[in-house]
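Written out below as structure tokens is the structure these notes cover.
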Amino acid sequence: MKKILTLVLAGVMALSMAACGTKESKKLTLATSADFPPYEYVADDGSYAGIDVEIASAVAEKLGMEFEVVNMNFNSIVTSVSTGKYDMGMAGLTVTEDRLKSVDFSQSYATGVQVVIVKEDSPITSVDDLYAEGASYAVGAQISTTGAIYFGDDIAGGATTCTLQEFTSGADAIAALTAGKIDCVIIDNEPAKSFVAANDGLKILDTEYTVEDYAICVKKGNSELLEKINTALNELTADGTIPSIISKYIPAE
Ligand code: ARG
């Protein structure tokens, strides 16, 4: 009798563990920073919206998984994915050599261009002005973004005598620019367009700062998920889903 009970108990335990296991693997968690329109932002009704959110949700659907968005500061995304806390990171996230040391990236699904936002009457008229001899402009960027990293590297390398101020969000940097606390903001082109449209008296300089690839990051070595994501991205591109998500948020000019 005792033996049977133990067996039954073991069976129940195994079953419930299996149930838990499938439940967990059924959900795809997305780490993002919803402060970056049109890639990710909080919509008026409080829901998460944007190109990345919709593509990630379509990927989850392809994989037959539930989908959850986890919003955090941009500089926490790579760490929370590299430690396995969340399955994937997508945030207009640029593929860089440095990030490749801690996470793996999918194929690229979009191109980003770093641009410079100034006040309409700014003495800064081109990116070169930031690198002119003796230039002392205060340059703003979101903390840990490529804009901040590259400009910080240029300061460290002596390529510019300007200073860098890092902000928690792009919106904070824009607020500082509008308030006259800094002279320009380096940020990706699409969010730049959104911020300039939402704030009076700002413009984007014609010269581009850098061109880069956006991709999805996963925990280093999680090739199983990475392959599934890449397959899903290919299918969603081929069937027109991704192009139509992108053109919905970025209408052709
Ligand atoms: N492309 C830049 C980078 O990867 C900026 C991305 C910022 N994304 C965001 N959701 N705030 O560093």
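When reading the values below, keep in mind they use all heavy atoms of this one structure, side chains included, and skip hydrogens, waters and symmetry mates. Whatever order the structure lists them in is the order used to number ligands and atoms, beginning at 1.
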Item to check | Residues that A176 engages under side chain to side chain contact (heavy atoms under 4.5 Å, CB included), provided they are two or more places apart | outcome: F167, K181, I182
Checklist entry - Does CD in E224 sit with more than 12 non-hydrogen atoms of other residues, nucleotides or ligands closer than 6.0 Å? => result no
Checklist entry - Looking at F74 versus F36, is the centre-to-centre ring distance below 6.0 Å? => result no
Could you pull out every N or O of ligand 1 that sits under 3.5 Å from a protein N or O, with the distance for each pair?
unit_1: ligand 1; atom_1: 1 (N); unit_2: G92; atom_2: O; d: 2.7
unit_1: ligand 1; atom_1: 1 (N); unit_2: T94; atom_2: OG1; d: 2.8
unit_1: ligand 1; atom_1: 1 (N); unit_2: D188; atom_2: OD2; d: 2.6
unit_1: ligand 1; atom_1: 4 (O); unit_2: T94; atom_2: N; d: 2.8
unit_1: ligand 1; atom_1: 4 (O); unit_2: T94; atom_2: OG1; d: 3.2
unit_1: ligand 1; atom_1: 4 (O); unit_2: R99; atom_2: NH1; d: 2.8
unit_1: ligand 1; atom_1: 8 (N); unit_2: A91; atom_2: O; d: 2.7
unit_1: ligand 1; atom_1: 10 (N); unit_2: S33; atom_2: O; d: 3.0
unit_1: ligand 1; atom_1: 10 (N); unit_2: D35; atom_2: OD1; d: 3.4
unit_1: ligand 1; atom_1: 10 (N); unit_2: E40; atom_2: OE2; d: 3.1
unit_1: ligand 1; atom_1: 10 (N); unit_2: A91; atom_2: O; d: 3.3
unit_1: ligand 1; atom_1: 11 (N); unit_2: D35; atom_2: OD1; d: 2.8
unit_1: ligand 1; atom_1: 11 (N); unit_2: Q142; atom_2: OE1; d: 2.9
unit_1: ligand 1; atom_1: 12 (O); unit_2: R99; atom_2: NH1; d: 3.4
unit_1: ligand 1; atom_1: 12 (O); unit_2: R99; atom_2: NH2; d: 2.8
unit_1: ligand 1; atom_1: 12 (O); unit_2: T146; atom_2: N; d: 2.8

Item to check | Partners meeting salt bridge (Lys or Arg N to Asp or Glu O under 4.0 Å) with D104 (sequence neighbours left out) | outcome: K220
Checklist entry - Is it true that E68 and K27 have a side-chain N and a carboxylate O under 4.0 angstrom from each other? => result yes
Next on the checklist: Enumerate the side chain to side chain donor-acceptor pair (under 3.5 Å) contacts for residues 138-156, please, sequence neighbours excluded, ordered by first and then second residue.
Outcome noted: D35-Q142, Q114-T146, Y131-D154, T146-E212, D154-Y209
